[in-house]
Amino acid sequence: MEKSLARYIWTHTRRQQLWILFIVALSMIPYFLSFDLPKQIVNGPIQGGGFEGVNATQLFMHLEVELPFWGTVTLFPGVELNRMMTLMGLSFTFLVLVIINGLFKYYINTFKGRLGERLLRRIRFDLIDRILRFPPSHFKRVKGSEISSMVKDEVEPLGGFTGDAFVQPALLGGQAFSALFFILVQNLWLGLIAAFMAAIQVGIIPKMRRRLIDLGRQRQLSARLLAGRIGEIVDGIGTIHAYDTSNYERADAAHRLGEIFRIRYDLYQWKFLVKFINNFLAQLTPFFFYAIGGYLTLKGSLDVGQLVAVINAYKELPGPLKELIDWDQARQDVQVKYEQVIEQFDSSNMIPPEIQTVSLAAAGTLTAAITIDKLVLDDDSGARILEPTSLSIERGEKIAIVGGAAAEALAEAIGRTIRPASGKICIASDDILEIPESTTGRRISYVSSDTYFFHGSLKDNLLYGLKHAPLKSKSYVGKEADTRKWEILEAKLAGNTDMDLRGDWIDYESTPSGSDKPGSLAHDMFTVLEKVQLSSDILEFALRSSIDPLSDLHLAARIVEMRQALRGELQRENLSNIIVPFELESYNTEATVGENLLFGTMRDTTLTGRTIVESEYFRNLMIETGLSRTLFDMGYTIAENLIEIFGDLPADHPFFQQVTFLTAEEIPAYQQILQRLQNVGEDKYNGATDAEKRAMLRLSFFYIEPRHRFGLLTPDLMKQIVEVRHQFHDGLPDDLRSLIELYDPDRYLSSTSLLDNILFGKISHRHTDASRRIRSIVANVLHDQGLYERVLAVGLNFNVGAGGKRLSPLQRQKLNLARALIRRSDYYIFNRPLPGLDHRLQEAIVESVMTFLHREDDKPAIIWVLSNVSLTRMFDRVVVFNQGALAADGTYETLNEENAIFQKMVAT
């Protein structure tokens, strides 16, 4: 990128700048004409100049020019107008000029804005392009939050300055010169005064503002460091909590904010001092105009119309001058910002752009061996990790590598994440770092223990390694086609790529099935998820999710049918009573009192049952049926029992986990309620306040007899609750009815999860490990009903969160491995991808992965850096490193018999 911002702007916007400069020059004509009109209006029709007679007239709009060798040429003979009509004509001419000048400004500002936004888009794209071409080792020295802050915020002023870079000085300079020239034409002395004061402003103010630029630079650097530190706090929040360093981080943040405050306070002081001086100088000139101009008018050297015109023209002078000074400050400021950004985005080992050229063609198979020739690797401090090493890896081999940091570094080098200190890695005769990524990035798959997933669905992240280029364009019609054409045009003008993100980017030929037939990709995804033993986790995600029954009527209907299939399976397993189903005419003992009353769920998941419970209709119904008093007494008894049991326990006691409707923080409030109600006599219900009644009712609404076991739910009370349930729904107002989705055995409930829809009831608390057993049975029934993969597809839509943090570390490692298996490559490098797994599970997955990859005749090479040395027996060849040097290379049997270093590794 150019080192000078002005040169960068001119290089990419030359045509547009020349056009807008032409428009600016054209706009000076009506701008200058508008200065002379006030004088003509005052001296002419207002004071009567040229209208000495009663019926005197003048030619209005008489236009003629003097041409060499031609003489006088009349463009328009003019119109004879009297004094009043001339006044109106000149006034309307002034109005027309105001409109024309306004339209010129509108066009110029709009054009500048579009030009600025287009170049800002170009700059950001260039910076993101450079980020993508940074060598991987570069990111170990920079903070992602600082880089993103520069791309998002620090280049923002550059776009705003782009439109002003050449247009603003031309426009403002032209306006200022026009006003100054007009004043000089009217009166030399007033013109010299205006020119002198303008020269002082232009000369002094920019020098005073240099300190503002220095302070602005300090503020920018401080803000960038703060953004980086905040990013570190977010990434290291677990460490902060683990080591109780939150107050240290607060102190660090306060110190950094204090530095920013000091800089900004100094900036404000100096800024407003400069503003005060600038305003004073701007107001000093009118003083001279009124004093000297008035004196000349009284002496007869200057008429009133000229003085009015001069003052009116001067009103247009300070604005352009001030803005011109501001422009100069902005120019210096953005140049500094630009230089700082460019400095941060410069790297000596930048990946050449041709390495990342888009390729729509399928990458050819890498049949040649990977040759490692005298490879030497250093870490970031310059310490030697790998001594000179030479190896050859043939396609189809299964190689295990062991030996600490050297083994990992070799895998990283083959995966192109670190660069050699000396030596090289070649495929055939080509250096692996010089082969286009459209080949290496598709035919070589590298997986390490470091996992990162982009914010989005699990499916998007699983298929991420197949998105190399838009292989199939999306068809656009109507307005969409016009919008797409506009997007392509603007992308080209801004120097961005015009590749369609909404096209089909999936490289189906690189999938295990190699087919784009419907269902093939889904089958491939389910297969690799099964190989890394992630299917059960995906199923759990699916069962906790919900679907829109209107968008998938078939699945919703099948889920409803599955309820009966599940009941049959439970009956065969003698577990019929493990689920208590929802039945309109009976009380569900495993559901809360509140759930039994409502007998449904809220359609809007953001709402709670409190919306219904606190409604006037519900409160009146509870009072009319007498259930309000009954449930108040129940809540009172619950509160007494809970306070007696939990009143003296610490807030972190595990017993609180068993009672979901009362927290440790609420105990003091209920203690106070109980103490007060004990003094009101026997009729505690009437003696309680509305707030106290609501508090007791809330406890009763969350009560479940088999779980809490206070013996408060009698058969008569359960029967009464069912009766009130019917009354509640029979008279329910429409506005409340629309909020509740009733339990219906023949309908899918859109507001609950798939599992709740399948169960259509509550899991009994009387069975130990009931939840796990139910999920196992549900999975079997899904298989039997042919719905397993369809439900699993729902789980693939699970949002993994920022960086995949909604997944457990073990799930992230498995998904990281699956992301490589979903694409066919010639070389697979697994650099300790499963460090968190126990040995038995790790062995099972390693064996499953190798069997899956070598399932066909076209067998890729598998290079696996192992943390569990005992697994080397599963590989054809074992490469051993010791203290950074190649110690052995052979079969497992040979090394286990002859190599002492390897024997020691196996033994430990």
Side-chain angles (χ1 to χ4, degrees), residues 135-137 139-140 366 369-380 383-427 431-433 435 437 440-452 465 532 813 816-821 823 825-837 842 845-846 849-850 853 860-869 871-872 874-889 902 905:
S137 59
F139 295 98
K140 297 179 181 179
L366 297 178
I370 292 180
T371 304
I372 301 169
D373 183 23
K374 299 176 182 179
L375 183 69
V376 176
L377 300 174
D378 295 341
D379 64 14
D380 292 330
R384 185 61 47 85
I385 307 175
L386 182 68
E387 300 294 342
T389 299
S390 297
L391 284 172
S392 180
I393 301 173
E394 297 289 341
R395 193 173 183 279
E397 285 190 292
K398 293 187 289 186
I399 302 175
I401 305 179
V402 293
E408 293 183 45
L410 177 62
E412 289 177 354
I414 300 174
R416 309 177 321 283
T417 62
I418 61 173
R419 291 175 175 266
S422 64
K424 59 182 179 178
I425 303 173
C426 296
I427 299 178
D431 190 325
I432 197 171
L433 296 176
I435 300 175
E437 288 187 1
T440 58
R442 304 182 193 187
R443 306 311 300 179
I444 299 177
S445 292
Y446 173 76
V447 183
S448 71
S449 58
D450 295 330
T451 62
Y452 188 85
V532 299
Q813 291 171 14
N816 197 33
L817 189 57
R819 182 164 57 180
L821 300 182
R823 38 181 262 160
S825 299
D826 300 312
Y827 289 91
Y828 290 89
I829 300 100
F830 301 114
N831 190 2
R832 295 187 179 177
L834 305 170
L837 274 68
Q842 194 174 120
I845 292 180
V846 170
V849 167
M850 292 203 301
L853 293 178
I862 301 174
I863 303 124
W864 204 308
V865 180
L866 293 169
S867 52
N868 183 2
V869 181
L871 298 180
T872 54
M874 302 168 61
F875 293 81
D876 302 331
R877 177 180 168 192
V878 181
V879 176
V880 182
F881 287 92
N882 183 41
Q883 296 182 351
L886 180 62
D889 182 0
F902 182 68
M905 288 182 176

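Remember, it's a predicted structure, so these values are computed and weren't measured experimentally. Hydrogens, waters and symmetry mates play no part in the numbers below; they use all other heavy atoms, side chains included.
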- Message: When you measure from the side chain of R823 to the backbone of G465, do you find a donor-acceptor pair of N or O atoms at a distance under 3.5 Å?
- Response: yes
- Query: Just how far is it from atom CG of L375 to atom CG of L886, taken to the nearest 0.5 Å?
  - Reply: 11.5 Å
- Query: Only one of I393, T872, L391 forms a side chain to side chain contact (heavy atoms under 4.5 Å, CB included) with I399, so which one is it?
  - Reply: I393
- Taking all non-hydrogen atoms of both residues into account, name the closest pair between D450 and N816 and its distance. O-ND2, 3.7 Å
- What closest approach, in Å, do I863 and Y827 show between heavy atoms, and which atom pair accounts for it? CD1-CD2, 4.2 Å
- Message: For a side-chain contact (heavy atoms from CB on, under 4.5 Å) check, start with the C-alpha distance between W864 and I401, then their side-chain angles and the critical distance, and finish with the verdict.
- Response: CA-CA 6 Å; W864 204 308; I401 305 179; over 6 Å; no
- Residue pair P420 / L377: nearest heavy atoms and the distance that separates them: CA-CD2, 3.7 Å
- Note on the structure: Residues at least two apart in sequence or cross-chain that pass side chain to side chain donor-acceptor pair (under 3.5 Å) with S825, listed by chain then number, are S445
- Query: Quick one: does I444's side chain get under 4.5 Å of I432's, heavy atoms only?
  - Reply: yes
Taking distance alone, no hydrogens or angles, what donor-acceptor pairs closer than 3.5 Å link side-chain atoms of residues 402-418 to residues at least two apart or in another chain?
{"from": "E408", "atom 1": "OE2", "to": "R832", "atom 2": "NH1", "distance (Å)": "2.8"}
{"from": "R416", "atom 1": "NE", "to": "T440", "atom 2": "OG1", "distance (Å)": "3.4"}
{"from": "T417", "atom 1": "OG1", "to": "E412", "atom 2": "O", "distance (Å)": "3.1"}

- Query: When rounded to the nearest 0.5 angstrom, what distance separates CG in D876 from NZ in K398?
  - Reply: 5.0 Å
- Check side chain to side chain donor-acceptor pair (under 3.5 Å) between R419 and all other residues, then give those that pass, not counting sequence neighbours. none
- Taking the side chain as C-beta and beyond, is there a heavy-atom pair between V849 and Y828 under 4.5 Å? no
- Message: Nearest 0.5 Å, please: how far is CD1 in I372 from SG in C426?
- Response: 10.0 Å
- Got F902 and V869 here, is their nearest side-chain heavy-atom distance under 4.5 Å? yes
- Message: If the condition is side chain to side chain donor-acceptor pair (under 3.5 Å), which residues does E397 pass it with, not counting sequence neighbours?
- Response: R877
- Message: Which heavy atom of P833 sits nearest to which heavy atom of Q813, and what is that distance?
- Response: O-CB, 3.6 Å
- Note on the structure: The side-chain contact (heavy atoms from CB on, under 4.5 Å) partners of S390 (sequence neighbours excluded) come to D373, K374
- Message: As an exercise, state the distance from CG of L837 to OG of S867, rounded to the nearest 0.5 Å.
- Response: 9.5 Å
- Just how far is it from atom CZ of F830 to atom CD1 of I845, taken to the nearest 0.5 Å? 11.5 Å
- Task: Could you grab the distance from atom CD1 of I370 to atom CD1 of I829, nearest 0.5 Å is fine?
- Result: 5.5 Å
- Just jot down the salt bridge (Lys or Arg N to Asp or Glu O under 4.0 Å) partners of E387, sequence neighbours excluded, or say none. R384
- Item | K424/D431 ion pair, N-O < 4.0 Å | no
- When L834 is tested against each of N868, L817, V447 for side chain to side chain contact (heavy atoms under 4.5 Å, CB included), which residue passes? L817
- Query: Run the side-chain contact (heavy atoms from CB on, under 4.5 Å) check on F875 and L866 step by step: do they pass?
  - Reply: CA-CA 11 Å; F875 293 81; L866 293 169; 3.7 Å; yes
